[in-house]
Amino acid sequence: QMRLVESGGGLVQAGGSLRLSCAASGHTFGYGMGWFRQAPGKERDFVAFISWSGGTTDYADSAKGRFTISRDNAKNPVYLQMNSLKPEDTAVYYCAARVGSTSTEEWAYDYWGQGTQVTVSS
């Protein structure tokens with residue numbers, strides 16, 4: 001079992017930055033971590049993924065060049081640094097865990113956090 005807790009969301013102006021954190025507890029060894037987001041009235045979309053080792057990352061096109069996913073040698077927590085934020089980045093951001101390589105599909109992840117709200121004002 002694993003428990004994931006996100007933090008770091010909030011209200012920011014367009015062009016600003018936020019750093020989200022995902023703290024994992026329980027059996028965490030070997031799990032890669034992904035970030036997803038869900039805007040009101042929309043489906044939950046993949047944002048980024050980092051492998052257990054931290055050596056492999058993957059990003060949605062919307063995140064490339066602006067967002068950075070990372071984890072340090074302790075593997076926990078996992079961070080999502082978001083720069084140059086836009087109003088369309090407004091969503092609830094979720095972290096999720098899976099064993100194996102990157103996946104953009106929700107069903108591929110075994111554990112989910114409760115989400116943290118990110119609101120970007122124009």
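Here the structure is a predicted model, which is why all the values come from computation and not from measurement. Values below: all heavy atoms of this structure, side chains included; hydrogens, waters and symmetry mates excluded.
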**Student:** Output the distance between atom OH (Y31) and atom CG (L4), rounded to the nearest 0.5 Å.
**Tutor:**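 Output value for this atom pair is 10.0 Å.
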**Student:** Find the distance between OG (S7) and CZ (R19) and round it off to the nearest 0.5 Å.
**Tutor:**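 Taking OG in S7 and CZ in R19, the distance rounds to 9.0 Å.
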**Student:** With side chains defined as the heavy atoms from C-beta onward, is the minimum distance between Q81 and S70 less than 4.5 Å?
**Tutor:**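 Heavy-atom side-chain distance check fails, nothing below 4.5 Å.
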**Student:** Please report the C-alpha distance between K64 and D61 in whole Å, then the side-chain angles of each, then the deciding distance to 0.1 Å, and finally whether the salt bridge (Lys or Arg N to Asp or Glu O under 4.0 Å) criterion is met.
**Tutor:** CA-CA 5 Å; K64 288 177 181 176; D61 288 343; 3.3 Å; yes
**Student:** Quick check for you: to the nearest 0.5 Å, what is the distance between S17 atom OG and F67 atom CZ?
**Tutor:**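 CZ of F67 is found 9.5 Å from OG of S17.
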**Student:** Should V120 and L80 be counted in the same cluster of Ile, Leu, Val, Met, Phe, Trp and Tyr side chains packed under 4.5 Å apart?
**Tutor:**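 Linked, V120 and L80 end up in one cluster.
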**Student:** Looking only at non-hydrogen atoms, find the nearest pair between Q114 and V5 and report the distance.
**Tutor:**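 In this case the closest contact between Q114 and V5 is OE1-CA, 3.8 Å.
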**Student:** Under 4.5 Å between side-chain heavy atoms, counting indirect links through other Ile/Leu/Val/Met/Phe/Trp/Tyr residues: same cluster for W52 and I69 or not?
**Tutor:**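 As far as the 4.5 Å side-chain criterion goes, I69 and W52 are not connected within one cluster.
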**Student:** If only atom types and distance count, is the side chain of R98 paired as donor or acceptor with the main-chain N or O of A108 below 3.5 Å?
**Tutor:**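 Flag set: sc R98 to bb A108 pair under 3.5 Å.
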**Student:** Check whether any side-chain N or O of N76 sits under 3.5 Å from a backbone N or O of A23 as a donor-acceptor pair, and report yes or no.
**Tutor:**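 Not at all, since once roles are kept as given, no pair shorter than 3.5 Å links the two residues.
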**Student:** Report yes or no: do V118 and Y79 belong to one cluster of Ile/Leu/Val/Met/Phe/Trp/Tyr joined by side chain heavy-atom distances under 4.5 Å?
**Tutor:**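 V118 does not cluster with Y79.
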**Student:** Check side chain to side chain contact (heavy atoms under 4.5 Å, CB included) between S121 and all other residues, then give those that pass, not counting sequence neighbours.
**Tutor:**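 Partners of S121 under the side chain to side chain contact (heavy atoms under 4.5 Å, CB included) test: L11, Q13.
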**Student:** Would you please indicate if the ring centroids of F46 and W35 are separated by under 6.0 Å?
**Tutor:**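 When the ring centroids of F46 and W35 are compared, they turn out to be at least 6.0 Å apart.
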**Student:** Under 6.0 Å between ring centres, would you say that holds for F36 and W112?
**Tutor:**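 Close enough - the centres of the two rings lie under 6.0 Å apart.
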**Student:** Donor-acceptor pair, K75 side chain versus F29 backbone, under 3.5 Å?
**Tutor:**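 Not confirmed, K75 side chain does not pair with F29 backbone.
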**Student:** Check for a donor-acceptor pair, side chain of T90 on one end and backbone N or O of T119 on the other, with a separation under 3.5 Å.
**Tutor:**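 A pair under 3.5 Å: no.
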**Student:** Working to the nearest 0.5 Å, report the span between CG of L20 and CZ of R37.
**Tutor:**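 Answer rounded to 0.5 Å: 11.0 Å.
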**Student:** Could you tell me the separation between the CZ atom of F49 and the OG1 atom of T57, rounded to the nearest 0.5 Å?
**Tutor:**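 Answer rounded to 0.5 Å: 9.5 Å.
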**Student:** Nearest 0.5 Å, what's the CE-OG1 distance between M2 and T28?
**Tutor:**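 Separation between the atoms: 5.5 Å.
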**Student:** Cation-pi between R44 and Y94: NZ/CZ under 6.0 Å from ring centre and within 45° of the ring axis?
**Tutor:**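 Checked: cation-pi criterion met.
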